[in-house]
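Structure record follows, encoded as structure tokens.
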Amino acid sequence: VEASIPEPQRDAWKKFQAKPFVSKDDFEKEVVRHVETTLARSMFNCDETAAYAAASLAFRDRLITEWNRTQQRQTFADTKRVYYLSLEFLMGRALDNAMLNVGLKNVAKEGLSELGFRIEDIINQEHDAALGNGGLGRLAACFLDSMASLNFPAWGYGLRYKYGIFKQEIVDGYQVEVPDYWLDFNPWEFPRHDIVVDVQFYGGVRKYQDEDGKNVAVWEGGEIVKATAYDVPIPGFNTPTTNNMRLWSSKAASGEFDFQKFNSGDYESSVADQQRAETISAVLYPNDNLDRGKELRLKQQYFWVAASLYDIVRRFKKSKRAWSEFPDQIAIQLNDTHPTLAIVELQRILIDMEGLDWDEAWTIVTNTFGYTNHTVLPEALEKWSVPLFQNLLPRHLQIIYDINMFFLQSVERKFPGDRDMLGRVSIIEESQPKMVRMAYLAIVGSHKVNGVAELHSDLIKTTIFRDFVKIFGPDKFTNVTNGITPRRWLHQANPRLSELIASKTGGLGFLKDLNILNELEKFADDKEFKKEWAEIKYANKVRLAKYIKSSTGVTVNPSSLFDIQVKRIHEYKRQQLNIFGVIHRYLTIKAMTPNERKKLTPRVSIFGGKAAPGYWMAKTIIHLINNVGAVINKDPDVGDLLKVIFLEDYNVSKAEIITPASDISEHISTAGTEASGTSNMKFVLNGGLIIGTCDGANIEITREIGENNIFLFGNLAEDVEDLRHTHNYGSHTMDTDLVKVFDLIKSNAFGDAGAFGALTGSIEDHGDYYLVSDDFHSYIETQALVDEAYKDQEEWITKTILSVARMGFFSSDRCINEYAEMIWNVEPLPVEKENGLGKEE
Ligand code: OX2
């Protein structure tokens, strides 16, 4: 540590070390100090925005004190660390989470109230940190929470996008995208202007032999972009451990702008250089489960990977250990193939910069990396064109070719003469143009590959990565079923339920050991308990009903069955199946006599989710949902029996209101397409039941909670291929009820039917790839079972209690412990109570 204070002066430091506040008075003192100094305001002009800023700064100061201690401890202990590389971290809001994790929300609530504010209003001032698209990004956020809560020395590395996922507005039923500029005021990040890494692009490679006859490659020329680190403290729950998420921001190498160009009159081009560099970290690509192969995206990937690896290697080199110890000190997890270049970059650093032999370097590389696959959808598997690579990263392309050559040689030795096999597994696809297959590169360069739920992990072994199981053996492939953090998704989103559970299980221990929920089983028939349980659900539905009223103007009755599907809009997730089911219900209601209608279970169908801006079919589905809602919601024959709501701009903070309010939620993907799903876990943990297909984690949820407590329907993954074949080459007969639904749409009942022709046509005329018609009947029948079951409220409540009691398995803590043991080989490192003040590197 270069700039450390000499021993004799350290007593002075220790005397004046920052002490994290614990009392209400000290909290208030901090808030007032920040209002009056940091924000230069006073009690005469302190609005809720200012109060939010001051409260956040008070908590941030507190977190950073613990962050310092944690980082110092981790540096001194010098044990193995985990680096989680993810292009997405969908964090949501930080203040509420920070208050709960350090156990001071009640202190803050009283303190704010004494200062004249309601804590809910203050929490609501915060802009979500929305640096992610959906499940993949939110998983990374849950993992950070668990790694800190379990005291693992672990860092997240990502990009500091200036614009997160766009804000969705619904205008005349259509999705409109608005940029999400979220950095206006962000108290949670610390710019590290002293941690800046040069990242090179373009240029060329010069090769020569040195005096010892060794081949040397020099990557030279091109351009340099600067990466600046921004650190975000990640507090664990009920532990001093505060980990780091480091996000990189891009700037032109010449600083603000090139003064030389400026002085020589070339002002415009100096600004253009600067803007081009800043563009790299400007925006998150808004596609979920879709690869579009854009050059800027590859630039983002290399920029982030190069800066992160430089940082990791620099930290390792300070320990003066032998290179062979690198994998004993460092585990790097690749969140999907987005960071796969890290494999190539580490190999490049070791052979080109540090002078290691290829084999020695490659052993280190493969023992360092683990790769998590999140999808089998072909359109989501990343491929980069070789010419693009050649231009942007010429040295990396050479190394990829070498990796591929050595790999194919080993395959040839194992399967002599199998030319087909070589073509199938080659990292380079022999197409026009040639393409680099990133998933194959990730497999070859890692020691473990995992899927995210059992079915998914089986599917990758038997379909897309089949050959690789033959080549590397089955042990390289494993499963780690996803999980969610119960801190945010129970304690924070559903405080009353959390409190009730705490009162019956002896405190908040269940938030750290979710299997304690098991103890709730004995209350499944307890009258008093069930009453409280039902009251909490009702209150959460009232809260959502209010939100629906204020955001859409529609009044919904909280006693209705709340049926919710919130997630990214995608044909494979089948929101179209849901809305066709709603139209079917509408037809049924219209055909009934008033007396028959009285027997129905009133329902509110709630949708939410964003469509990728270029995904036309997904946007059509949103349009249909909104138009159907506009008709049904004002039909006097229907009244409260059916309401259809589309909630604008679904995000993490809205999920915290929506999730606790569901009676039933929909996880109805075509079997074999949803790798895991994680909102399914969130809904059940909050006392809602599920209607779903045998897909992803639904299968394990069923195993844990029991098949009586879930509504499963539809074709199985193993039958999908045959069904698709019959659609295309045999006869395709449409479900008769679905035909009636389509007839109504075509009668212009929901506006000009022409707008929906592509959607109905994809099912009727173009092969019904997602099996909507095949599953329609089973879906409708199962929804009828849901209606029946909901009528018996006593039984329904028992089912929800039993389900919650059996959800312990789905904590992201379980998940992180599995990664730590099976893939990373790292141990927790608790932070001791007393420690000196330190600043990480
Ligand atoms: C998502 C998957 O679609 C989802 O099933 C899974 O739960 C989540 O990742 C977390 O594992 N982009 N997003 C995903 O995969 C990809 C690719």
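Order of listing sets the numbers, starting from 1, for every ligand and every atom in it. We're numbering straight along the sequence, starting at 1. Here the structure is a predicted model, which means the values were calculated and not measured.
Applying the ring-ring contact (aromatic ring centres under 6.0 Å, His included) test to Phe607 and every residue at least two apart in sequence or in another chain returns nothing. Under the ring-ring contact (aromatic ring centres under 6.0 Å, His included) criterion, Tyr779 pairs with Phe713, not counting sequence neighbours.
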Please tabulate, for the side chains in residues 679-687, all donor-acceptor contacts under 3.5 angstrom to protein atoms that are two or more places apart in sequence or on a different chain.
from, atom 1, to, atom 2, distance (Å)
Asn680, OD1, Thr678, N, 3.3
Asn680, ND2, Ser676, O, 3.4
Asn680, ND2, Asn698, OD1, 3.0
Asn686, OD1, Asn494, ND2, 2.9
Asn686, ND2, Trp489, O, 2.9
Asn686, ND2, Lys682, O, 2.8

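Salt bridge present: Lys383 and Glu429 bring a charged side-chain N and a carboxylate O closer than 4.0 Å.
Glu571 and Tyr615 form a side-chain donor-acceptor contact under 3.5 Å, judged by distance and modelled atom types alone.
Cation-pi geometry between Lys299 and Phe303 is not met: the NZ or CZ atom fails to fall both under 6.0 Å from the ring centre and inside 45° of the normal.
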Between ligand 1 and the protein, give all atom pairs where both partners are nitrogen or oxygen and the distance is under 3.5 Å, as lines of names plus distance to 0.1 Å.
from, atom 1, to, atom 2, distance (Å)
ligand 1, 3 (O), Asn289, ND2, 2.9
ligand 1, 3 (O), Tyr572, OH, 3.1
ligand 1, 3 (O), Glu674, OE1, 3.1
ligand 1, 5 (O), Glu674, OE1, 2.6
ligand 1, 5 (O), Ala675, N, 3.3
ligand 1, 5 (O), Ser676, N, 3.1
ligand 1, 5 (O), Gly677, N, 3.2
ligand 1, 7 (O), Gly677, N, 2.8
ligand 1, 11 (O), His374, ND1, 2.7
ligand 1, 11 (O), Asn482, OD1, 2.8
ligand 1, 15 (O), His374, O, 3.2

